[in-house]
There are 2 protein chains.
Amino acid sequence: MKFDSQPSYSLGQRTPASREVAAGENGGNVTLVSQSALGAINRGRVLQALYDNGPKSRADLARLAGVNRTTITGIVQPMIEDQLLVEGDASPSDVKGGKPARPLYFNPDAPMLGAVLLLPGTIQACLVALTGEIKAVTKAEFDPVGDTEAFIAVMTKTLTATLSEAHQAPFGIGVASAGMIDSDNGTILTVNLAPVLTGLPLVAILQERFSLPVVIDHHPRALLVGDRWFGPGRGQQNFAAVYTGEVLGGAFFIDGKVYRGLAGSGGELGHSVVQIDGALCNCGKHGCWETVAALPWLRKEAARMGLPHPKSITCARLVKEADEGSNAADELLDRYTRNVAFGIVNLQQTLSLNSYVLHGDVAGGGMRAAELIRQHVEQLVVKRPGQEISITVNGIGEGHTALRGAAGLVLSSHLKLVI
Amino acid sequence: MKFDSQPSYSLGQRTPASREVAAGENGGNVTLVSQSALGAINRGRVLQALYDNGPKSRADLARLAGVNRTTITGIVQPMIEDQLLVEGDASPSDVKGGKPARPLYFNPDAPMLGAVLLLPGTIQACLVALTGEIKAVTKAEFDPVGDTEAFIAVMTKTLTATLSEAHQAPFGIGVASAGMIDSDNGTILTVNLAPVLTGLPLVAILQERFSLPVVIDHHPRALLVGDRWFGPGRGQQNFAAVYTGEVLGGAFFIDGKVYRGLAGSGGELGHSVVQIDGALCNCGKHGCWETVAALPWLRKEAARMGLPHPKSITCARLVKEADEGSNAADELLDRYTRNVAFGIVNLQQTLSLNSYVLHGDVAGGGMRAAELIRQHVEQLVVKRPGQEISITVNGIGEGHTALRGAAGLVLSSHLKLVI
DNA sequence: AGCAGTTAGTTTGTACTTCGCACAAACTTA
DNA sequence: TAAGTTTGTGCGAAGTACAAACTAACTGCT
């Protein structure tokens, strides 16, 4: 399935931006901001403001951005004409008197974004509207140890089914994948539980099949973007997303942009060391955070302590059993959340982001788990005067956050929010 | 001592930039880039290119930045007229034929930068030229547990002595201080070994006395900026500075800018946990990195192993004794560098900066220590294909790096290198 | 010596963006 | 009905980067 035409409205510079990329490739380490880039940047920032704050009038946007109203008009008018944005009905303003404001927001019928969530053995694809709505979800399974061609066939079929529901060509496709991802080159490096994906240049493959911009990043970073877009991270300039489960991972939103690290390798927190010469980890080293805060540890401890059904223990069940009066569950929950807290403490000491959104198993423990973790972090961190550390769970279904985030990856990579 | 006039040439926007700050204060979380800001940004980036690459001709700068030659001319011409930059003699170009290029660089007689290094008990002040030269160094001592007024008097006297050597008003004063610093508000929060400094609003005090822009940041961040300016970090876009000694600290240069974290509290690596429920730390927690990689640990181990003069042991002496054939020194050096490596490993897993510059005690161990640390890091980090980790020591005297860095803080905060 | 070729830096005019001002539209309050 | 307030829109001004064409200065070849 190929889309012949790109959507009429370009969100920033879609094509590899001529000069800036050229400068980068020339080895130049400085890049001046060109006149035209400035326009694209400011357009992107206005859209970002809409994502962050929901429908807003031109005057509100001008106030938020601290610029002239006419500037906003100049920016949004072409977007309205291109049907990217729509003007809502005049809402009765809360201030007395004056012409009522016309709120602007994304056109639900604007081109959508393709999103793929790739976990060992399963593919989920969907369309995400700029308003955050999720449509045309399709799921498929693949053999994690099977044939590469077979996987590509399943992937193509799934994505085709989803994309064919779109009325117009999407802006692009975002892929969130488990494992170790090289987001610069668009390849999957390794996925522990799905060897078939090792070394797969998925971006190149999908770009060729669908003639659309394709972005890939690892799962925690998609969660981060999803949080930022329509979750607890909305509007925040600094926070981290932390994923716990069979493995541990994280991703950071720093000073208003997604942090990637070189080749997109930042945030592999699972293998930071919290216990020198501690227990052996899957990675071959000792004392990784993953050895004390992931599900395998929890299962082992549950078995050791004689809790019922230790093989299927989760944080959610632990909370439930603790609430029902199980002392063992209560104690294990405390130790588990304390171990999780250590990773967050190290993050806090390093980056001082002050805000953390939990995903995965501990998120299943809800507010109770989050509060326990927060208390442990408070105790373990070196306090600074006036510092407040916030730890929340993303209540929305995790798949949805990841899918929205995968879609958001396309935006954040093409919106030129950064210079 | 007061300077009546600001230097004629403004490096970027000196005064609290009208709109951008206003927008920030208004609570707006988006900031559009205005036309005039664009000029300041690009001016700053051209200067940055000069810092990074040394003297360069207009044509070279244009190539480095990927912009038109005329743009560079337009940017540098006013700077030459204001005597911030000077045109060097036409150097015989390496290419054959053509008009010889006139290299541009900072005028040694341009306004300088005031720099202060504040450690428990001692003050060092100096002037730093834009070319990196250090002049008019003055030193003084103060009572770490004495009277605040007395400290301020010493500080004022020292700084006055240095600044009076300047021929024109400096661009500003940068202060690098040990301890916990709130760089946003310009106050010293706590310095363990100098209680007199606790809570001191030093920026406000110095600004009032000298009528100059004043910036404060913590010691490791000054080392970082010093490295970046004329040290091993020169021209790099991503690296970390790591300080070891009585305490441990770090600072990060991320995507071409200094990372501060909220209220400048990022990089307090000493109290990240590498040994859950490990040895008791000064901070009251257990198993901090500082308990296994700082000098107190080294002294204790040296004593336990029966090394000579354990109370004055340093990495430098350890390397020397190991070279002279001491097995005990060799073994302790290996353990020490391994413990230091753990902190770097956690940094690498988190941020993936790939490049680390060592300062403080381990830097005294020179190449030998750096190479040992590098080997340990290589072994302890989860490898990614094609990833190279570089660990270097800053050979220049450490005080000089910190002083240059303190000066550089003024530039990086006023140069608008960032948007 | 003279000419072609090459590179550096400048002049001139153009395109793009934001800003301030003035003004019409639309609503509230007295 | 009139005054006051807020929203959104033309229009010209100011600032910036860019492209083309030009001069300046040097090398190499004939």
Side-chain angles (χ1 to χ4, degrees), chain A residues 13 17-20 22-23 31-46 55-78 80-81 85 87-104 416 419, chain B residues 13 17-20 22-23 31-46 55-78 80-81 85 87-104 416 419:
Chain A
Q13 306 238 10
S18 46
R19 182 171 326 98
E20 298 201 350
T31 312
L32 301 196
V33 185
S34 76
Q35 202 77 2
S36 47
L38 194 154
I41 291 161
N42 284 353
R43 273 192 292 277
R45 295 205 176 173
V46 168
K56 285 286 167 201
S57 70
R58 296 169 180 78
D60 278 341
L61 287 172
R63 274 188 292 268
L64 277 169
V67 298
N68 201 289
R69 289 204 307 278
T70 56
T71 303
I72 299 294
T73 298
I75 289 174
V76 299
Q77 216 54 46
I80 294 175
E81 278 161 24
L85 302 179
E87 222 170 11
D89 286 334
S91 61
S93 89
D94 46 350
V95 293
K96 60 190 173 203
K99 175 175 173 178
R102 308 287 305 275
L104 300 171
K416 293 269 164 184
I419 301 187
Chain B
Q13 307 239 7
S18 45
R19 181 174 325 102
E20 296 199 353
T31 312
L32 299 198
V33 186
S34 76
Q35 203 74 6
S36 46
L38 194 154
I41 291 159
N42 282 354
R43 273 192 291 277
R45 295 205 176 174
V46 167
K56 285 286 166 200
S57 69
R58 296 169 179 80
D60 279 342
L61 287 171
R63 275 188 291 266
L64 277 169
V67 298
N68 200 290
R69 288 203 308 276
T70 57
T71 303
I72 299 293
T73 297
I75 289 175
V76 298
Q77 216 56 44
I80 293 175
E81 278 161 26
L85 302 182
E87 222 172 10
D89 287 334
S91 60
S93 86
D94 46 349
V95 292
K96 57 188 174 199
K99 176 177 173 177
R102 309 287 305 273
L104 299 172
K416 293 271 165 181
I419 302 187

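Proteins get letters first, then strands, A, B, ... in listed order; numbering begins at 1 in each. Everything quoted here is computed from the prediction, not taken from an experiment.
- The distance from atom CG of Asp89(A) to atom P of dG8(D) is 13 Å, rounded to the nearest whole Å.
- Shortest non-hydrogen contact noted between Thr73(A) and Pro78(A) is O-CD, 4.4 Å.
- Atom CD1 of Ile75(A) sits about 12.0 Å away from atom CD1 of Ile80(A), to the nearest 0.5 Å.
- Applying the 4.0 Å criterion to OP1 and OP2 of dC18(D), one finds that Thr70(B) has every side-chain N and O outside that range.
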Pair Arg58(A)-Gln77(A), side chain to side chain contact (heavy atoms under 4.5 Å, CB included): steps then yes or no: CA-CA 10 Å; Arg58(A) 296 169 180 78; Gln77(A) 216 54 46; 3.6 Å; yes
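- A straight line from CD1 of Ile75(A) to P of dG8(D) spans 15 Å, rounded to a whole angstrom.
- Look at CG on Asp60(B): it is 10 Å from C1' on dA8(C), rounded to the nearest Å.
- At dT17(C), none of the side-chain N or O atoms of Asn42(A) fall inside 4.0 Å of OP1 or OP2 (strictly under the cut-off).
- Between the axis at the start and the axis at the end of the helix from dA1(C)-dT30(D) to dA30(C)-dT1(D) there is an angle of 10°, using five pairs per end and rounding to 10 degrees.
- For Asn68(A), a side-chain nitrogen or oxygen approaches OP1 or OP2 of dG20(C) to under 4.0 Å.
- Rounded to an integer number of Å, the gap from Leu38(B) CG to dC16(C) C1' is 11 Å.
- With rounding to the nearest 0.5 Å, the separation of CD1 in Ile72(A) from CG in Leu104(A) is 9.5 Å.
- Distances shown here put a side-chain N or O of Arg58(A) below 4.0 Å from the OP1 or OP2 atom of dT9(D).
- What separates CD1 of Ile41(A) from P of dA17(D) is a distance of 12 Å, to the nearest Å.
- Across Leu85(B), Thr71(B), Val67(B), Leu61(B), a single residue satisfies side-chain contact (heavy atoms from CB on, under 4.5 Å) together with Val46(B), and that is Leu61(B).
- Rounded to a whole Å, the CD1 atom of Ile80(B) is 9 Å from the P atom of dG9(C).
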Restricting to nitrogen or oxygen on both sides, can you table the protein-nucleotides 23-26 of chain D pairs closer than 3.5 Å?
residue	atom	partner	partner atom	Å
dA25(D)	N3	Lys99(B)	N	3.3
dC26(D)	O2	Gly98(B)	N	3.1

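- In this entry the distance linking CD1 of Ile72(A) with C1' of dC19(C) reads 13 Å, nearest Å.
- Under 4.0 angstrom from either OP1 or OP2 of dT9(D) there lies no side-chain N or O belonging to Arg102(A).
- When the side-chain nitrogen and oxygen atoms of Arg43(B) are compared with OP1 and OP2 of dG15(D), none of them lie within a distance under 4.0 Å.
- Of the side-chain N and O atoms in Thr71(A), one or more sit less than 4.0 angstrom from OP1 or OP2 of dC19(C).
- The two residues Arg102(B) and Gly88(B) have their closest heavy-atom pair at NE-O, 3.0 Å.
- Interatomic distance, Arg69(A) CZ to Asp60(A) CG, rounded to the nearest 0.5 Å: 11.0 Å.
- Taking every heavy atom of both residues into account, Pro103(A) and Ala101(A) meet most closely at CD-O, 3.4 Å.
- What separates CG of Leu61(A) from P of dT7(D) is a distance of 12 Å, to the nearest Å.
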